[in-house]
There are 2 protein chains.
Amino acid sequence: MVQTKAEAETLRVLEKKRSILDAASKTFREKGFHKTGMRDVAARVGMTVGNLYYYFRNKEDLLAFCQEETLGRLDTLVRRLDAESLPAADRLGRLIVGHVRCLNEGIPGTLAHLEIPGDGGADLRARRDRYEASLRRILREGVAEGSFVPCDEKVAAMAILGSVNWTVRWFRPDGPASADEIGRAFAGQLVRGLLKPELAAGIRPESWSAPIGPGPESTEVTS
Amino acid sequence: MVQTKAEAETLRVLEKKRSILDAASKTFREKGFHKTGMRDVAARVGMTVGNLYYYFRNKEDLLAFCQEETLGRLDTLVRRLDAESLPAADRLGRLIVGHVRCLNEGIPGTLAHLEIPGDGGADLRARRDRYEASLRRILREGVAEGSFVPCDEKVAAMAILGSVNWTVRWFRPDGPASADEIGRAFAGQLVRGLLKPELAAGIRPESWSAPIGPGPESTEVTS
DNA sequence: ATAGGATTTGAACCATGGTTCAAACCAAGG
DNA sequence: CCTTGGTTTGAACCATGGTTCAAATCCTAT
């Protein structure tokens, strides 16, 4: 039972870390990363500044874990899409809806994706690159299978990423439209922009509203 | 001739201000606004820190003028488009190409458009809103004239703005593609996403490469 | 209960970087 | 010349905010 005890300890700590990350994430989103002080985050969780540093090495770490969270969700999203083999248009549509939801939905809606990771974020950059590669692959396959209009998948990918990432700049949970609705609207518009005109009439953005799982359990919150 | 003398004085100052703004703009773009110090800007123009404050009140002012510069270009772009009455698809295409070029082309390619203006930037926010309103109007007219698929012009506008504004995050002048090429690719993709499928085959993004004038002379660089 | 480690505190530390300022400099004009 | 006002300097000022730390507190095991 030594294991259980140790794990109980760890769980307590893990929950604390998670609550801190929640507070940090929200505050980052509300005030922006630079305008957010450690003291702000501390106040939000109801602890003191110094105590934060018992759980996280520094501010950048806080940001890094937030980004990791989001990237984790995006990862599972991609993995899930790869599992079921759908035509490129549907996969892209689902990816876009899922992406918008990952960034804007749920409690720890993370703005962090916008911030540029510091030097310590080489790992994060790599994961982000991998995600972008997945997106480009979908586009390439769409062109290959003849449903997408021929185009430079790199540029097309940036257009799509711009649209979806930009949402964190203006989307508000209490606004008139939900993240899911925004996502479907975006997906319809963006997929239609890639599809060959004769196929464009057949898309059904309503069906692209994939369920978003919480981040993978495997997300390590170990500093 | 007293006027001439006074104006000569002013011109000297104006040039100095412009060179400072150039340096600031470039450095902001390279290192980001927050990572850029006044000392960096000063070093770039070849003057000392304190001297900057003889020409500009503070750092935020520097940012404000950079944004004003870009907004000025976008303004003239819109005005020019309104002059010649084209179908909505062509106007939107030209707007997109022009926007991408405004943000990424030429010497003072300004990243500032991304940064969120502080309290002093109410004026800037208003101008930006006006620009976005113009974009939405084009979309609305496109829907009205029956060439665009029915959609929420507000959401569609955000998708477009996201794509084009995001370019400042990844576009590099020495990269493989020019701002104009990127702009045309974006325009093709984004316009096609809005057009009714039966019309989508007829678009010519090549023709949307509008000439970009320098910012309007009326741009006041008076602090 | 009590020792020992985990946790929390609050204050202080300190680098960064925006900003100020008085003195020096450098024209032109008288 | 020498005065005047626009310009430049370099150092210092100082608030902000991330970070550290020794002491206090709490929890758990023996």
- Which one, dT7(D), dG10(D), dT9(C), comes nearest to the side chain of N51(A)? dT9(C)
- Task: Take the protein atom OH of Y54(A) and the nucleotide atom P of dA24(D), then report the distance between them rounded to whole Å.
- Result: 19 Å
- Would you check if the distance from the ring center of Y131(B) to the ring center of H99(B) is below 6.0 Å? yes
Anything under 3.5 Å between a protein N or O and an N or O of nucleotides 15-19 of chain C, put it in a table, one pair a line.
{"from": "dG18(C)", "atom 1": "OP1", "to": "T36(B)", "atom 2": "O", "distance (Å)": "3.3"}
{"from": "dG18(C)", "atom 1": "OP1", "to": "K59(B)", "atom 2": "NZ", "distance (Å)": "2.9"}
{"from": "dG18(C)", "atom 1": "OP2", "to": "M38(B)", "atom 2": "N", "distance (Å)": "2.6"}
{"from": "dG18(C)", "atom 1": "N7", "to": "R39(B)", "atom 2": "NH1", "distance (Å)": "2.8"}
{"from": "dG18(C)", "atom 1": "N7", "to": "R39(B)", "atom 2": "NH2", "distance (Å)": "3.4"}
{"from": "dG18(C)", "atom 1": "O6", "to": "R39(B)", "atom 2": "NH2", "distance (Å)": "2.9"}
{"from": "dT19(C)", "atom 1": "OP2", "to": "Y53(B)", "atom 2": "OH", "distance (Å)": "2.9"}
{"from": "dT19(C)", "atom 1": "OP2", "to": "K59(B)", "atom 2": "N", "distance (Å)": "3.0"}
{"from": "dT19(C)", "atom 1": "O4", "to": "R39(B)", "atom 2": "NH2", "distance (Å)": "3.3"}

- Message: Measure CZ/R12(B) against P/dC26(C) and give the value in whole Å, please.
- Response: 15 Å
- Message: Here's a test for you: under salt bridge (charged side-chain N to carboxylate O under 4.0 Å, His left out), which of R137(A), R136(A), R140(A) qualifies with E153(A)?
- Response: R140(A)
- Item | Whole-Å gap separating P (dT8(C)) and CE (M47(A)) | 6 Å
- Return the minimal non-hydrogen interatomic distance between S178(A) and E181(A), and the atom names on each side. N-OE1, 2.8 Å
- Message: Ring of F33(A), cation from K59(A) - is the NZ or CZ under 6.0 Å from the centre and inside 45° of the axis?
- Response: yes
- Task: Flag the pair Q67(B) / R127(B) as yes when at least one side-chain heavy-atom distance between them is below 4.5 Å, and no otherwise.
- Result: no
- Message: When you measure from the centre of the six-membered ring of F28(A), is the NZ or CZ of K35(A) closer than 6.0 Å and no more than 45° off the axis?
- Response: no
- Tell me whether the OP1 or OP2 atom of dT8(D) has a side-chain N or O from K16(B) closer than 4.0 Å. yes
